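Okay, structure first, notes after.
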Amino acid sequence: KSLRRDGSSLKSFEDIKNEIAGYT
Amino acid sequence: NIAKAIIDLAVHGKAQNRSYERLAVFADTIGPRLSGSKNLEAGIKYMFNALQKDGLENVHLEPVKVPHWERGEEFAVMLEPRNHSIAILGLGSSIATPPEGITAEVIVVASFDELHKRAQEAKGKIVVYNEPFISYGETVQYRLQGAVEAAKVGAVASLIRSVASFSIHSPHTGEQSYQPDVPQIPTACISVEDAEMMSRMSLRGTKIVVHLRMGAKTYPDSLSFNTVAEIVGSKYPEQVVLVSGHLDSWDVGQGAMDDGGGAFISWEALSLIKDLGLRPKRTLRLVLWTGEEQGGVGAEQYYQLHKENISNFDIVMESDEGTFKPSGLGFTGSAASRDIVKEIMTLLQPINATDVYDTADGTDISYWMRDGVPGASLHSDINKYFWFHHSQGDTMTVQDPNQMNLCAALWTVVSYVIADMEDMLPRD
């Protein structure tokens, strides 16, 4: 599962921003 | 360049105007789609075939029991102080008048407070509510509860100023609800113009008498369906990004705006992704709800059926407030997920629709949001929405193909990116 039991993300927000930027 | 590719295809490319053109064929062919009607049944069959023909996956129908109320012949005439034909639309679930109709003096009030203060005067009369339009959420309470409050003080019928921000003598219908311990009286909406005129007459001390005749029948609940189609996820197929609008409408106009536009840009999101040969990591699921207008009946049954998988619902999205020029999304979710959605919305800069508003609105997604699933609703220019809402004016003429292209682009980019990101949106 990509969602941890406690619902928190394993990635830093910076990682997520970079991931989203990849869709630009 | 996936966001750019989606925007280009939706706004400038081969898919330009497709959601509008599909909706036009649907709305012109099927017409209005009231819960329990043959038209809605035909609309669901039409969509089932169209989604299959579009090559989407897991196209299926999920059975739902929906209310079945039918309007009959209805009219109202002012007899005193002068003869005047009053435009009315009976409200959903209203009882009929006796066959000979009801003739009674009118009492006009501007609020429930005024009705309660003048309760003694209301007995045996027709209550006319001339409530001002403040906001839909606030003002719609008069439509929902007007008959019950009038019946409590002994009124014989209620006529409610249409919940509309503008009027050209157009009555706007909608659902109302009776209470088990309160007598049921016939109830209908009237135009803003007639409500204001009767208010002015009343303030001058003029006696008003109205004859009201309404036919209406409530049948046992009917079988209907939520319509579902998917693009199955490549990596986490059990996880779901849900995009939606509702297929049912009121029995006036064409239901093109409410909610044809929302339903068809949701379909368009899956079509665009398929056309681009994309397959997100998670399943992108289209749900076209039934029985929304009677209070999210199809959505509630869908929630009851699928809530055991709630941990796999990444986000629930619904467009049900028009598909005019989009400015962004309403979003409900944790602070962390809001930050992520704000970041995703930067991908919509090319069409200048990047705003994230405080909460998502949508009757059909409310059950999931209440239980902590992030939710999103389309924000478009709502200025004219309540001009046409639930009226004969809700037709294709209200819709604009360019604006629908922009809405489809926004809806597709957001749903695709959320479905394709490595992690689900974090919850509280």
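Here the structure is a predicted model, which means the values were calculated and not measured. Labels below follow one simple rule: chain letters A, B, ... track the order of the sequence lines, proteins then strands, and each chain is numbered from 1.
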Item to complete: Return yes when atom CG of B:N309 has more than 12 non-hydrogen atoms of other residues, nucleotides or ligands closer than 6.0 Å, and no otherwise.
Response: yes

Discussion item. Nearest 0.5 Å, please: how far is NZ in B:K342 from CD1 in A:I20?
Written reply: 12.5 Å

Discussion item. Counting heavy-atom pairs closer than 4.5 Å to chain A, which one of B:I344, B:D420, B:D314, B:T346 comes out on top?
Written reply: B:D420

Fill in: Exercise: do B:N1 and A:Y23 side chains pair donor with acceptor under 3.5 Å
no

Discussion item. Could you report the tightest heavy-atom contact between A:E19 and B:M421, atom names first, then the distance?
Written reply: OE2-CA, 3.2 Å

Response to the item:
CG (B:D339) and CD1 (A:I16) are apart, to the nearest 0.5 Å, by 9.0 Å

Worksheet entry | Contact list for residues 261-279 of chain B, test side-chain hydrogen bond (donor to acceptor under 3.5 Å, both in side chains), sequence neighbours left out | B:R18-B:E268, B:R18-B:D275, B:R22-B:E268, B:R22-B:S271, B:D54-B:W267, B:D54-B:S271, B:E57-B:R279, B:S266-B:W411, B:W267-B:S271

